[in-house]
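Before any comments, here is the structure.
Predicted model only: the values in this text are computed from it and were never measured.
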Amino acid sequence: QVQLVESGGGLVQAGGSLRLSCAASGSIFSINSMGWYRQAPGKQRELVAGITSGGTINYADSVKGRFSISGDNAKNTVSLQMNSLKPEDTAVYYCNAHITTLLRDRYTYWGQGTQVTVSS
């Protein structure tokens, strides 16, 4: 079993900052990539940012220059620093990880989600 535990999130005014963190634990052989998705009410879940074990990073166009993702391979964690937040960033944010388990199976795992609300 693998678990993703998220922390951070909350309520912030427009222009403010928040930091999300996610830690993976359990029967992990290796983590191939980790990332953050978000889902606003009435909208589809979308990729916000992702990072591979090799350090390749990608961002959604809407967050480029404002959000920064970082990972720690040794600790199996990923963080998302969100600056200059806008009301349209309001959503539930989900941690995502592509993991090879100790049995050498590959699965995609999701965190439970954390609410980010940006007030205008």
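- Across Ile69 and Tyr59, no two heavy atoms sit closer than the pair N-OH, 3.0 Å.
- The cationic atom of Arg38 (NZ for Lys, CZ for Arg) does not lie both less than 6.0 Å from the six-membered ring centre of Tyr94 and within 45° of the ring axis.
- Note: Tyr93 and Phe67 have tilted aromatic rings, judged against thresholds of 30 and 60 degrees for the angle between ring planes.
- Contact annotation: the side chain of Met82 never approaches that of Ser17 to less than 4.5 Å [non-hydrogen atoms, C-beta and beyond].
- Counting all heavy atoms, side chain and backbone alike, Ser120 lies closest to Pro87 at CB-CG, 3.9 Å.
- Contact check for Thr77 versus Met34: no side-chain heavy atoms found under the 4.5 Å cut-off.
- A heavy-atom distance below 4.5 Å is found between the side chains of Asn32 and Thr100.
- Ionic pairing of Asp61 and Lys64 is present here: one or more N-O contacts between side-chain nitrogen and carboxylate oxygen are shorter than 4.0 angstrom.
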- Message: Set out, in order, the CA-CA distance, both residues' side-chain angles and the distance that settles side-chain contact (heavy atoms from CB on, under 4.5 Å) for Thr90 and Gln115, then state yes or no.
- Response: CA-CA 8 Å; Thr90 296; Gln115 178 70 46; 4.0 Å; yes
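- When side chains are defined from C-beta on, Val78 counts as touching Ile51, because their heavy atoms get closer than 4.5 Å.
- The minimum heavy-atom distance between Ser84 and Asp89, with the atom names listed, is O-OD2, 4.5 Å.
- In this structure, the side chains of Arg104 and Phe29 come closer than 4.5 Å at one or more pairs of heavy atoms.
- Of the possible polar contacts, none joining the Asn96 side chain to the Tyr37 backbone as a donor-acceptor pair under 3.5 Å is found.
- Considering only heavy atoms from C-beta on, Arg45 comes within 4.5 Å of Trp110 through its side chain.
- In the hydrophobic clustering of ILVMFWY residues, with side-chain heavy atoms under 4.5 Å counting as a link, Val116 and Val92 come out apart.
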- For Glu6 and Leu20, run side-chain contact (heavy atoms from CB on, under 4.5 Å): C-alpha distance rounded to whole Å, both residues' side-chain angles, the deciding distance at 0.1 Å, then the answer. CA-CA 7 Å; Glu6 301 155 346; Leu20 305 181; over 6 Å; no
